[in-house]
Amino acid sequence: MMGRRNGQTAMVFVDMESMIPENHLLRKIDRVISFEFIYDLVAPYYPSIGRPSVDPVCMFKMLLVGYLYGIKSERRLEEEVQLNLAYRWFCGFDLDEAIPDHSTFSKTRTRKWQESNLFQKVFQEIIKQCITSGLIDGKAMVTDGSYIPANVSRESWVDVEVEVEQSMQSYLDCLDEELAQQPGFKKPPVKIVKKHRTTSRTDPDSGYINHGNKRGVGYLMESTVDCKHGIVTGVDVYSANEKGSTQVLRHLERQIKLGVPMKNIALDRGYETGAVHRGLELLGITGHIPAIQFSNPPERYGFSYDLERDAFIGPKGMSLTYHRLNCNKSTGKYLRCYQTEGNTCVHCPNRPTCFDKSGIRRRILASSCYPAFYRGHQRVGTPAFYSMMRLRKIWAEGSFAVLKREHCISKIRKRGILEATEECLLAVMALNLKRMVKAILNKLKIQFIWAEAVFPRPSFTFVNRSNS
């Protein structure tokens, strides 16, 4: 007999939670972390009277679902949460409850969440929970920057003239203070210069980058990853024309102030400057950075550096000691000047091939933080260095690849530095939650297996007493 539905309406009582599979990602996230702390973060920005707003935790979870599953459009996100039972359950909406309109997100974001810096605070709270759970130990970390194109057309690119204050490059406050104590330091006068900058008319906060295969208008995302479980511990977003080497030390300093442990860190060759090497030392971090091969180093003329004496030793044994800082007034860049004393160079047989005959004594200009620069170079080629470089390829480049492929930041969709930072933070939070869930549940599984091995379950023998 062929069956046929009668089409009658039936009343059914549904428990949504029981319909979500045990191994579903959203169920795992719900077990591992509670987002109730968001109420305390946004409470000062909601009035005590008036009509109740949409639950901020539910709205935040909706945005998180979009970045977890690569849903780029908020209009489409509204539809997906409306139809998908797992999304609806995770966000806290009942079956008969209306889903917030997509326009509600933009209004709430600009009026409440950007003012309260909500996304940065939620990100930091997740990192604190990872530290408490032992998922972050700081024994091996990697930091890198990645270019993310802005959502602008080529026709909107424009060259603008801006006035900037020209002064010495500042990497870190404590590094500036140390440099100011050196002999010969004299802060160059403040000078306002005009520079040309390429940006977009539709997104003036974006900048132009032309570095290798990276070319275009967009933003630079600087991030740090702990290599124990791949948790991203810090995210900062700048215009693409900014240099990562000048921003990285303050990027790391902010994380240290939040309680993120840092012991060893790997960086790529773009961060190879004396200031970065010394800044890492001042922060208590051991840096592993590939060395740049300069075209005209002192070693080419037979000189070697003595770290204990902070001096260069010539081929005939003469010593070039640290004399003073030299400042290039046009760039504000400082260099350490090493030179011989008296007329040591006058009768040296190597003088014709060493430097210009018109000079009186040999001078070597090196980085303003050359001792730290040299200590960093001594670590290059060691087993620890190669180990950190392998981890950098896995966790720095690998994390950027996953974020761009699966978590909606192959291109910045919104416009402005605040919106770009918001997108990057949400994408990184989605990645962190996936890795956090995997690490915690694997840890619990290992503990369960260990308990089973140490305390095995008792075996029962069933005796048939029917014949007794």
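Nothing here was measured: the structure is a model prediction, and the numbers come from that model.
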Extract all donor-acceptor atom pairs below 3.5 Å that involve side chains of residues 380-389 and protein atoms in other chains or at least two apart in sequence.
| residue | atom | partner | partner atom | Å |
| --- | --- | --- | --- | --- |
| Thr382 | OG1 | Arg379 | O | 2.7 |
| Thr382 | OG1 | Phe385 | N | 3.2 |

Could you check whether the rings of Tyr334 and Phe185 sit parallel, tilted or perpendicular, using 30° and 60° as the cut-offs? parallel
Within 45 degrees of the ring normal and closer than 6.0 Å to the centroid, is that where the cationic atom of Arg390 sits relative to Trp395? no
Side chain to side chain donor-acceptor pair (under 3.5 Å) against Tyr39, all qualifying residues, sequence neighbours excluded: Asp55
Donor-acceptor check, side chain of Arg336 to backbone of Pro371, threshold 3.5 angstrom: yes or no? no
Salt bridge (charged side-chain N to carboxylate O under 4.0 Å, His left out) partners for Glu242, two or more places apart: none
Ring of Phe35, cation from Lys61 - is the NZ or CZ under 6.0 Å from the centre and inside 45° of the axis? no
For Glu397, side chain to side chain donor-acceptor pair (under 3.5 Å) partners two or more places apart: Arg392
Apply ring-ring contact (aromatic ring centres under 6.0 Å, His included) to Phe312 and Tyr370, showing your working. CA-CA 11 Å; Phe312 283 91; Tyr370 191 80; 5.4 Å; yes
Could you check, using the six-membered ring where one of them is a Trp, whether Tyr67 and His407 have ring centers closer than 6.0 angstrom? no
Would you tell me whether Glu406 and Tyr69 have side-chain atoms, one donor and one acceptor, within less than 3.5 Å of each other? no
Please name all residues satisfying ring-ring contact (aromatic ring centres under 6.0 Å, His included) with Tyr271, sequence neighbours left out, ordered by chain then number. none
Taking only residues two or more places apart in sequence or in another chain, which ones pass ring-ring contact (aromatic ring centres under 6.0 Å, His included) with Phe400? none
